[in-house]
2 protein chains.
Amino acid sequence: MTAAIDFYFDFSSPYGYFASTRIDELAQKYGRFVAWHPILLGVVFKTTGSSPLPQIPLKGEYCWRDFERTARFHGIEYKRPAHFPLPTTHAARAMLWLQNHHGADTATAFARSVYHALFVDDINIAEPAEIAKLAEPLGVDVLAMDAGATSYQIKDQLKAEIEVAMAKGVFGSPFVIIDGEPFWGFDRFNQIEDHLKRGRQTELRAVTSVDGNKEKKPA
Amino acid sequence: MTAAIDFYFDFSSPYGYFASTRIDELAQKYGRFVAWHPILLGVVFKTTGSSPLPQIPLKGEYCWRDFERTARFHGIEYKRPAHFPLPTTHAARAMLWLQNHHGADTATAFARSVYHALFVDDINIAEPAEIAKLAEPLGVDVLAMDAGATSYQIKDQLKAEIEVAMAKGVFGSPFVIIDGEPFWGFDRFNQIEDHLKRGRQTELRAVTSVDGNKEKKPA
């Protein structure tokens, strides 16, 4: 039970941002690692027929209120962004390039910066120049990143990554898959924790039965 | 702070059913009363452009899994219904007639029976005969109820009730409004409780400041 927890998100998703502030801490508590997967909801919505939340009649007005209340309820920093909704293609491609060339840790640190920039500092992360500014402190060659993020190779990779995600049933953000069990929404973090807890209990029982005398007191 | 909590639901909504098993208990804990409002998601979806969850690609397969897992997580009885989605117009109209002619308590008891019939006993609640069977044990004249539920007066009332709900921002099921604050989804019950708790604290502080010496120790 040490396979990565898959965490899918779109950089423009407020609930994805909320999840990003908690997912690693939660996974570590149960000895698990998180694989971060940027996706594009715009592509997914072509299949599901959905629209960005704030553009849906009635739901739109509600969701702005819910973003703020949910952030407050969970003690997460949040400021309503002025640039919204906005294209997140460049940010997602830059993240894939970072995963390929600098590894998961740098890419995840970058993803946190992008989310913080959009949902706390109100920065227009659709701008490649802003994305470069966020990558620079991580010791990244931002010209190489920019060239990589706009290459056909990375464009094709992002398309394929989203196809894989949808084939696994991903249709929203945040979306978490743990050992084949799918969870949609930041609301499901309590069920995710419950799932991880049960998984660990099963694992502990298995270890005990292999090393059979563990539960007996020494004579 | 004793105004009713407004609880909107469609009889075919599994999350509405889950909410129906908890809403009164939660309200009573904070000295509040619940006004139950049956609505028709089919009418609401004409405005929001949504579809019943199980009919949406990708989301559809997920939601059946989530219904079961969520019921288990919260310890709520649930069995996947064979008749689904199904029209809930007759059930909603019968409930309005019961509210008009037998009062809120009988109508709410009826609503609980309808939800239990669909989501535990797998009964086709689209059938007026099944609805009559559920109302009979409540001492209701089922012939009068059936006539009432199919009358123009009740048809018009349900339409108008749904218009009122949408004017207040309701777009899903369950939907709860407390003192103007809207909450969508059974997932929001923790935020609802938080809201009720804060409301009561405000009220208690107000009482204390009127009766100024309450916090001082006796001399």
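The environment of CD in A/Glu193 is crowded: more than 12 heavy-atom neighbours from other residues, nucleotides or ligands sit within 6.0 Å. A/Trp97 CH2: more than 12 foreign heavy atoms inside a 6.0 Å radius. Atom NZ of A/Lys159 sits in a sparse spot, with 12 or fewer heavy atoms from other residues, nucleotides or ligands closer than 6.0 Å. Summarising the local packing, CG of A/Asp121 is surrounded by more than 12 heavy atoms from other residues, nucleotides or ligands at distances under 6.0 Å. Heavy atoms from other residues, nucleotides or ligands lying under 6.0 Å from CH2 of B/Trp184 number 12 at most.
When the candidates B/Glu61, B/Arg72, B/Met166, B/Arg188 are compared by the number of heavy-atom contacts under 4.5 Å with chain A, B/Arg188 comes out ahead. Chain B forms the most heavy-atom pairs under 4.5 Å with one residue out of A/Asp187, A/Ile56, A/Thr48, A/Val170, and that residue is A/Asp187. Interface remark: of the candidates A/Gly172, A/Pro57, A/Gly49, A/Pro57 forms the most heavy-atom pairs closer than 4.5 Å to chain B.
At distances below 3.5 Å, not a single donor-acceptor pair connects side-chain atoms of B/Tyr62 with backbone N or O atoms of A/Gly169.
Side-chain atoms of B/Thr47 and A/Leu58, non-hydrogen and from C-beta on, do get closer than 4.5 Å to each other. You'll find the side chain of B/Glu181 reaches within 4.5 Å of the side chain of A/Arg69, heavy atoms only. With contacts defined as side-chain heavy-atom distances shorter than 4.5 Å, the pair B/Asn190/A/Phe73 qualifies.
A/Ser51 does not touch chain B: none of its heavy atoms, backbone or side chain, sits under 4.5 Å away. Only the side chain of A/Phe175 has a heavy atom closer than 4.5 Å to any heavy atom of chain B.
Contact detail for A/Gly180 and B/Arg65: the closest heavy-atom pair is O-NH2, 3.6 Å. Contact between A/Ser50 and B/Lys59 at its shortest, heavy atoms only, is OG-NZ, 4.1 Å.
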